Amino acid sequence: MERNLLRYIWKHTRRQQVFILAIVLLSMVPYFAAFDLPKQIINGPIQGSGFETADSTALFMEFTLAVPFTDLSWSFEGFELDRMSMLMALSGVFLFLVIVNGLFKFYINTYKGRLGERLLRRIRFELVDRVLRFPPSALKQAHGAEVSTMVKDEVEPFGGFTGDAFVQPVMLGGQAAAALFFIFLQNLALGMIAFVMVAIQVGIIPKMRRRLIDLGRQRQITARHLAGKVGEIVDGIDTIHTYDTSNYERADIAHRLGHIYKIRYELYQWKFLVKFVNNFLSQLTPFLFYSIGGYFALKGSLDVGQLVAVINAYKDLPGPLKELIDWDQSRQDVQVKYEQVLEQFEPGQLVDPSLHEVKPVTPAYAGTVLAAHNLTVIDGSGAKTLDNVTLKIERGETVAIIDNAGNGGESLAESFARIVWPASGRVSLGDADLLELPEAVSGRKVTYASADSYFFHGSLKDNLLYGLKHAPTTTVSYSGEEATHRNWEIREAELAGNCAFDLNADWIDRRSTSVLRGFDDDLKQSLMRALDAVQLTPDVMELALHSYLDPEENPALAGRIVEMRHSLRETLQAEGLSNIVAHFDPAAYNAEATVAENLLFAATRISSSADGDVTESEYLFEVLEVSGLYDMLYEMGLKIADDLVEIFADLPPEHPFFQQLDRVSAEDIAKYQQLLQRLQSRTGAGITEEEARSIVRLSLHYVEPRYRFGVLTQDIMDAVVAARDKFYANLPANLRDRIERYDPHRYMAAATLRENVLFGKLSHRVADAPAKIRKIAGEIMREKGLFESFIALGLNFEVGTGGRRLTLTQRHKLSLARALVRRSDFYIFNRALPGLDRRVQEEIVKAVIDFLKEQDNDPTVIWVLSNTSLSRLFHRVIVFDRGTVAEDGTFEALDRDSGIFRSLVA
């Protein structure tokens, strides 16, 4: 990139700058003409010059145009107008010039804005493009939060300056020169005064502002570091809480903010000092005009019209002059910022852009060997993790890599994946150097997965298919307004130097899926087989069961789920297992549900507002009062509170018994104990409404089979069922959208998929009820062909930033599954399953190898093992010791003859 911002702007906007400069020069004509009109209006029709008698007239718009050095000329005799008509005509021309000048400004500023935004888009794209071409070592040193801050915020001023880079000095300089020239034409002395004052302002103010630029640079750097620190706090919040360092981080942030405050305070002092000096010099000139110009007017050497015209012209001089000085400061400021940004995006070496060219079809490459030749890798501390390693891995091999001491195996895997670059030596794929191959080859023929693989914000499916999105595979056909908008997008992208790829196109390369059988569902089969191989299918199904489905978006699936609900109920009855689920019945009380759930008899949506839980609403308590349930539940709640106090009062807060309680903590038990003591001492007098409601809430969340206090009577249950219709009779609008009444023949959008299928509550009396219902429901789901539909719902689960909504184990499995979905010649797994149970690790490793070996392209599997005993599943084992290859051979040979290997797997 150009080191000088002005040259960078000129290089990419030359044609547009020349065009707008021509418009600016053209706008100077009406701008200058507007200066002379006030003098003509005052001296002519107002003071009567040329209108000495009442019937005097003057010519309006008389002019003669002559071509220099020729006899050609054009003339117009004008219109003959009296004094009042001339006043109106000249005033009309003045208004016309005001409108013309305003339109010129409107067009110029709009054009400048578009020009600036287009260049800002170019710079941002170019910076992100450079990040994508950073060598691995530079990326490891870069701080993500700081880089994003620079791309988002620090380049913002460049866009605003782009439109002003050449237009502003020409336009403002032209306006100032026009005003100054006009003043000289009126009076030489006043012109000299204006010129001297302008020279003083131009000479002093920019020098005073150099300190402002330096302070602005310091503020920018400290703000960038603050953004980086805040990003670190967000990323490391678990560590901060684990080690109780939150106050240390607060101290760090306070120190940084104090430093920024000091810089900004000094900046404000200088800023307003410069403003004071500038304003003083601007106001000093009118004083000189009034005094000296007034002296000349009194002496008769300057008429009043000229003096007014001079003062009016000077009134337009400080504005452009001040803005011109501001432009110079802005130029210096953005140049400094530009250089600072450039420093962060020039790592010294960038990946050649030709290696990132779009290739819809994978280019052919020669050879089937992945090899290291005298490979040496150095880590960030300067230590050698690989030392002069040479080895070859043939196509079709399964290779286990083990580290005895050091991280040689991990470094080799990262080198094969181009995640680290060699300090010396090279890695070759076939006959070519891996680093010289386009990513369309290395990024498709070699697949890499590790425990710290990153997941992008989106759904599980988005992340699983991420490795297939190499290039647009099909184009989208647009029509009408969409086609017009798409053409505009392409044109603007090209003008801004951006790529014009259509994000709405199909980017998934179905020719590179792992399963290729010539079927239309190869992609689906690849996904399903990959999930099965890494044992992630049950997790996805669980996510599906806890997800929500909009029946309006997929009415067919919603209807089939309702059918499954009925089939489940019929199957349970047929097998004599109807007791494991208490199904919802509009005319009966569900003993396995809470009192509140029985009263509402509905699925409730979580509100994002401050309304809170539906059971906390004022309307619910009004219904309890009207239906006569309030007193019944209050008495029931007192008994529950008494039982809770009796059982839990003397237990420590960490006692496991408290885990059996729902919505009741050790602190609540203490409150109930105090409340009961007060009630006994005061015989119920003086109980506040909130205290009474807290007792009622105990009843609302009570489940008899779970707590077994024997306080739920048949009268209460009957009253709750009878009150259901009363609850819905006058349901307020703020609750209407949050409650969906149970209907056995309709899908409930407010309930999860699991709740819709079950349409009831599992029995607390049957110990293995969850396992039994899961088995039966799973069989029905597969019989009705709903398994893949449910998995599809689970795959829509949003994983969050970096996959944080998933467990660590799920992230490790997802990383493996993402690798298995795509078809490659070499699969490299770098300690991809750390921390998993050994049995589970073995099952997954074996399943992954079997899955890949089913492929007709006979891929190579390279696995850096964290569990060395699994090396028996591989044909070849390589043992690293302090960065060098200690042993290399078959598992049987090394197990028989090797000392190091046998000690590792023992």
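Note that the structure is a prediction, hence the values are computed from the model and not measured.
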*Determine, stepwise, if the pair Asp433 / Ser428 fulfils side-chain hydrogen bond (donor to acceptor under 3.5 Å, both in side chains).*
CA-CA 4 Å; Asp433 189 320; Ser428 64; over 6 Å; no
_Going by side chain to side chain donor-acceptor pair (under 3.5 Å), name the residues that satisfy it together with Tyr448, two or more places apart in sequence or in a different chain._
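Partners of Tyr448 by the side chain to side chain donor-acceptor pair (under 3.5 Å) criterion, ordered by chain and then number, come out as Asn830.
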Short side-chain to backbone donor-acceptor contact, [X] and [Y], under 3.5 Å:
| X | Y | answer |
| --- | --- | --- |
| Thr110 | Phe106 | yes |
| Asp509 | His470 | no |
| Thr473 | Asp506 | yes |
| Arg818 | Leu464 | no |
| Ser815 | Ser450 | yes |
| Arg822 | Gly467 | yes |
| Asp462 | Gly458 | no |
| Ser453 | Ala449 | no |
| Ser27 | Phe104 | no |

If you measure from the Lys or Arg side-chain nitrogens to the Asp or Glu carboxylate oxygens, is any gap between [X] and [Y] under 4.0 Å?
| X | Y | result |
| --- | --- | --- |
| Glu489 | Arg486 | yes |
| Glu339 | Arg3 | no |
| Arg124 | Glu156 | yes |
| Asp858 | Arg395 | no |

Heavy atoms, side chains only, cut-off 4.5 Å: are [X] and [Y] in contact?
| X | Y | value |
| --- | --- | --- |
| Tyr747 | Pro555 | no |
| Phe826 | Val861 | no |
| Lys524 | Arg529 | no |
| Leu495 | Glu492 | yes |
| Leu852 | Pro859 | yes |
| Phe455 | Tyr466 | no |
| Thr537 | Phe787 | yes |
| Cys499 | Phe125 | yes |

Whether the [X] and [Y] side chains hold a donor-acceptor pair (N or O, under 3.5 Å, no angle test) is what I'd like checked.
| X | Y | answer |
| --- | --- | --- |
| Asn796 | Ser459 | no |
| Asn498 | Arg122 | no |
| Tyr478 | Asp502 | yes |
| Tyr8 | Glu126 | yes |

At their closest point, which heavy atom of [X] faces which heavy atom of [Y], and how far apart are they?
| X | Y | result |
| --- | --- | --- |
| Phe829 | Leu820 | CZ-CD2, 4.1 Å |
| Tyr548 | Ala749 | CD2-O, 3.6 Å |
| Trp421 | Pro135 | CZ3-CB, 3.5 Å |
| Leu460 | Leu543 | CD1-CD1, 3.6 Å |
| Leu5 | Phe161 | CD2-CD2, 4.1 Å |
| Ala505 | Val476 | CA-CG2, 3.5 Å |

*Please work out which of the three classes, parallel, tilted or perpendicular, describes the rings of Tyr111 and Phe19, given edges at 30° and 60°.*
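Tilted, since the angle between the ring planes falls between 30° and 60°.
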*asked:* Parallel, tilted or perpendicular, judged at 30° and 60°: which one describes the rings of Tyr454 and Phe456?
replied: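 Plane angle over 60°, so perpendicular.
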About how many Å separate [atom2] of [Y] and [atom1] of [X], when rounded to the nearest 0.5 Å?
| X | Y | atom1 | atom2 | answer |
| --- | --- | --- | --- | --- |
| Leu786 | Leu793 | CG | CG | 10.0 Å |
| Leu6 | Thr162 | CG | OG1 | 9.5 Å |
| Glu357 | Leu355 | CD | CG | 8.5 Å |
| Asn4 | Ile9 | CG | CD1 | 8.5 Å |
| Gln810 | Lys813 | CD | NZ | 7.5 Å |
| Leu523 | Thr513 | CG | OG1 | 6.5 Å |

_Listed partners of Val427 passing side chain to side chain contact (heavy atoms under 4.5 Å, CB included), at least two apart_ =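 Result, side chain to side chain contact (heavy atoms under 4.5 Å, CB included) vs Val427: Leu370, Leu375, Ser415, Phe416, Leu434.
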*Between Ile508 and Arg510, is a side chain to side chain contact (heavy atoms under 4.5 Å, CB included) present by the stated rule, with each step listed?*
CA-CA 6 Å; Ile508 299 175; Arg510 287 168 172 78; 3.9 Å; yes
Which pairs would a plain distance check flag for residues 436-446, meaning a side-chain donor or acceptor within less than 3.5 Å of a matching protein atom at least two apart in sequence or in another chain?
| residue | atom | partner | partner atom | Å |
| --- | --- | --- | --- | --- |
| Glu439 | OE2 | His356 | NE2 | 3.0 |
| Ser442 | OG | Arg418 | NH1 | 2.8 |
| Arg444 | NE | Ala440 | O | 3.4 |
| Arg444 | NH1 | Lys359 | O | 2.8 |
| Arg444 | NH1 | Thr362 | OG1 | 3.4 |
| Arg444 | NH2 | Lys359 | O | 2.5 |

*Around atom NZ of Lys11, are there more than 12 heavy atoms of other residues, nucleotides or ligands at under 6.0 Å?*
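No, NZ of Lys11 has 12 or fewer neighbouring heavy atoms, counting only those of other groups under 6.0 Å.
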_Lys461 atom NZ, over 12 foreign heavy atoms within 6.0 Å_ =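 Atom NZ in Lys461 is not packed in, count stays at 12 or less.
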_Between Phe851 and Asp532, does the side chain to side chain contact (heavy atoms under 4.5 Å, CB included) criterion hold? Intermediate values first, please._
CA-CA 10 Å; Phe851 172 74; Asp532 287 340; over 6 Å; no
